[in-house]
Amino acid sequence: MTNKQIAEILEEIGTLLELQGDNPFKCRAYHNAGRIIGALTTDVHELIKSNELQTIKGIGQGLAEKLIELDSTGKLKFYDDLKQSVPPGLLEMLRIPGLGPKRIKIVYDRLKIKTVSGLKKAAEEHKLASVSGFGKKTEENILNGIELLQKHTDQHLYSEAKLAADRILEVIRNQRCVIRCDIAGSLRRRKEVIGDIDILASIKKGSERTLMKVFTTHPDVEQIIAQGETKSSVLLNSGINCDLRVIDDIEYPFALAYFTGNKEHNVAMRSLAKKYGWSLNEYGFSELGAEEKRGKAKRIVSCKTEEDVYGALKLAYVPPELRENMGELEAAHEGHIPNLVSEEDLRGTFHCHTTYSDGSNTLLEMVGAARDLGWEYLGIADHSKVAAYAGGLTETRLKQQHKEIDALNAKLRGFTIFKGTEVDILADGSLDWSDKVLSTFDYVVASVHSKFKMTEAEATKRIIKALKNKYVTMLGHPTGRLLLQREGYPVNMVEVINAAADYSKIIEINSHPFRLDLDWRLCKFAKEKGVKVSINPDAHNINGLRDVHYGVGIARKGWLEKRDVINTRTFKEITLLLDHTS
DNA sequence: GCCGTTTTCGGCCCGACTGTTTTCAGTCG
């Protein structure tokens, strides 16, 4: 059993105990343990073998015993019993914003409601308001919450979908009958949020059934939705739908382009083909007017790769990320496709938390992980003092952290740790650190973490006031939608970016879900205004560092060129950029 | 559940907000 699987079980135990109304500190102990195990770099199995499990802070005797049972038998009786006693629908109900374990327990105990649909019905029939502690407004909020939940239920983060898809792809690719195989669809275009996974494979003739069998019996498959010779659909245990399509190799580049999309890009490609007197579909180019049926139309242009398909239309290759019919075809025609940011370009990142505040890895561990990624620097930005919920630093702790950073920097060769902070922008737009404290940082990320129900004008004013502070380098998670399935505060990003340009501030982009489409447009506008962006994962552990690869910065690289992103510059240039804080 | 200890039991993160109450509980970050 992997650490990640163990971590998920511990987290779930914590949640189930909450739903049972167990001691909140006990619940927290399980959640803590889950987080800790999830961030470990050593396998739990190894720790058990070397008898070191209980040396980890947060793992005591009780948890150690459970982990040993889990490790040796692959099962945990305590967990299985717990699952039996809590209806699975209650876990689903927890995902409704504004509804927590206490109130779920109340509706379950009093009204015997154990599913989201049951809850919805009860709210619609105003049965909830009769329960003490519930009122009209709560009913409305629950209904709104359910609507929001259902709207996003079929959406998945790029990072999660990519991991799930890679596991399938690896198996398919290794089949002897497979000639070529790729991820297509929105996942290939690296959309921040995707609906389902599309996989395309070309195979040797006659092996369709074999491959479909391999696909539908993959260990990650939870349910087969459809199984045919050219297309099969499954539901993965990650909750994501996955389609596999099989085609002849000669059609591969056309099919790959077709199934990658997006739709608007495909339409534009087809109308361009028309200008050359051709018709383009997922099987190839054919003479206009001769597109009776697949295989019958004469293939008039032979293409081995997607590059050939674009080339046939006198276009430079368009990277999947840009295929949105947002001007990329014109750019490809003129040979102006931008030099996009890639993972290899990243030299470091600025928004990282450690155990000094709410991170789950130590400074040293974070630095080690960054070096393993081949980076040249890491910026540490732990929370400021008002963020007590996130273990915000006191000035004493801050001094201690700076001392530790200085000592490490003195030892490290070819690597630099930057002293940063994620300072709270307080309700009135002032900052949570004094100018004196702010002057001790290499850079300052300023973020809003409180009073989310602001009007757009209030939020914008608050942020712009913070940007005026001469010590602020960067605006943290700017678009104000902090969490999955939860509304944040509206911000007038046009005004904010204009202010960022006026005060030469950097705008951070990162992988917070459901605000990423906004970030994409934001990046484009920022570029036009000459505002630099910084690709930051808002990492809370060493695994989070890698999220930068999945985050908007890379995922939706869009028109972002290397020169527009500070993290991709050489170390020397970054220090220059940071200089304006001093 | 864990942790730390003046060692076997008491404390465990806190402030804002909301909607329900009539002084507070639940939820959130």
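Here the structure is a predicted model, which means the values were calculated and not measured. Chain letters run A, B, ... following the sequence lines, proteins first and then strands; every chain starts at 1.
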Checklist entry - Hey, do the aromatic rings of A:Tyr377 and A:Phe350 have their centres closer than 6.0 Å? => result yes

Item to check | Contacts of A:Leu94 that satisfy side-chain contact (heavy atoms from CB on, under 4.5 Å) - sequence neighbours left out | outcome: A:Thr15, A:Leu19, A:Pro101, A:Ile104

Next on the checklist: Under 4.0 Å, heavy atoms only, any strand: does A:Lys385 hit a base, just the sugar-phosphate, or nothing?
Outcome noted: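 Result for A:Lys385 = nothing.
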
Next on the checklist: At 4.0 Å (heavy atoms only), tell me whether A:Phe25 reaches a base, stays on the sugar-phosphate, or touches nothing.
Outcome noted: base

Taking 4.0 Å as the cut-off, does a side-chain nitrogen or oxygen of [X] come that near to OP1 or OP2 on [N]?
X	N	answer
A:Ser450	B:dG29	no
A:Asn141	B:dT18	no
A:Lys66	B:dG1	yes

Work out how far the [atom1] atom of [N] is from that of [M], and round it to whole angstrom.
N	M	atom1	value
B:dG26	B:dT21	P	13 Å
B:dG11	B:dA16	C1'	24 Å
B:dC9	B:dT5	C1'	10 Å
B:dC13	B:dC3	P	13 Å
B:dG1	B:dT6	P	26 Å
B:dA25	B:dT20	C1'	9 Å

Is the shortest heavy-atom distance from the side chain of [X] to the side chain of [Y] under 4.5 Å?
X	Y	value
A:Ile13	A:Leu82	yes
A:Lys66	A:Tyr79	no
A:Lys385	A:Trp433	yes

Checklist entry - Got a sec? Which of residues 3-17 of chain A come in under 4.0 Å of DNA chain B, heavy atoms? => result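 Nothing qualifies; none.
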
Next on the checklist: Within residues 73-80 of chain A, which residues have any heavy atom lying less than 4.0 Å from an atom of DNA chain B?
Outcome noted: A:Phe78

Checklist entry - side-chain contact (heavy atoms from CB on, under 4.5 Å) between A:Glu124 and A:Leu143: does it pass, once the steps are laid out? => result CA-CA 8 Å; A:Glu124 281 165 352; A:Leu143 283 174; 3.9 Å; yes

Item to check | side-chain hydrogen bond (donor to acceptor under 3.5 Å, both in side chains) pairs, two or more places apart, involving residues 397-409 of chain A | outcome: A:Tyr356-A:Glu404, A:Asp382-A:Gln401, A:Asp406-A:Lys419

Checklist entry - Is there any side-chain hydrogen bond (donor to acceptor under 3.5 Å, both in side chains) pair reaching into residues 422-432 of chain A, and which pairs are they, with sequence neighbours excluded? => result A:His351-A:Glu422, A:His353-A:Glu422, A:Ser384-A:Asp432, A:Glu422-A:Ser447, A:Glu422-A:His449, A:Glu422-A:His477, A:Asp424-A:His449, A:Asp428-A:Ser430

Checklist outcome for this item: Protein heavy-atom contacts under 4.0 Å, written 5' to 3' over nucleotides 22-27 of chain B as B (base), S (sugar-phosphate only) or - (none), form the string ----SS

Checklist entry - Hey, does the side chain of A:Asp22 reach the backbone of A:Cys27 with a donor-acceptor pair shorter than 3.5 angstrom? => result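 No; judged by distance alone, with no hydrogens or angles, the pair does not exist.
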
Counting side-chain heavy atoms from CB outward, which of [options] is closest to [X]?
X	options	result
A:Lys57	B:dC2, B:dC13, B:dC3	B:dC3
A:His449	B:dC13, B:dC2, B:dG29	B:dG29
A:Ala29	B:dC2, B:dG4, B:dT20	B:dC2

Item to check | 5'-most by nearest nucleotide on DNA chain B - A:Leu94 or A:Asn23 | outcome: A:Asn23

Item to check | Earlier contact from the 5' end, DNA chain B, for A:Ala64 and A:Phe134 | outcome: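 By nearest-heavy-atom nucleotide position, the 5'-most residue is A:Ala64.
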
Next on the checklist: Under the criterion side-chain contact (heavy atoms from CB on, under 4.5 Å), I'd like the reasoning laid out for A:Trp375 against A:Leu545: C-alpha separation, chi angles, the key distance, then a yes or no.
Outcome noted: CA-CA 11 Å; A:Trp375 289 355; A:Leu545 280 178; 3.8 Å; yes

Item to check | From CA spacing to verdict: side-chain hydrogen bond (donor to acceptor under 3.5 Å, both in side chains), A:Thr2, A:Gln5 | outcome: CA-CA 5 Å; A:Thr2 65; A:Gln5 288 168 315; 3.2 Å; yes

Item to check | Nucleotide paired to B:dT8 in any strand shown, Watson-Crick or G-U, under 3.5 Å | outcome: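 Its partner is none (no Watson-Crick or G-U wobble pair with both distances under 3.5 Å).
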
Checklist entry - For residues A:Thr115 and A:Glu92, is any side-chain donor paired with an opposing acceptor at under 3.5 Å? => result no

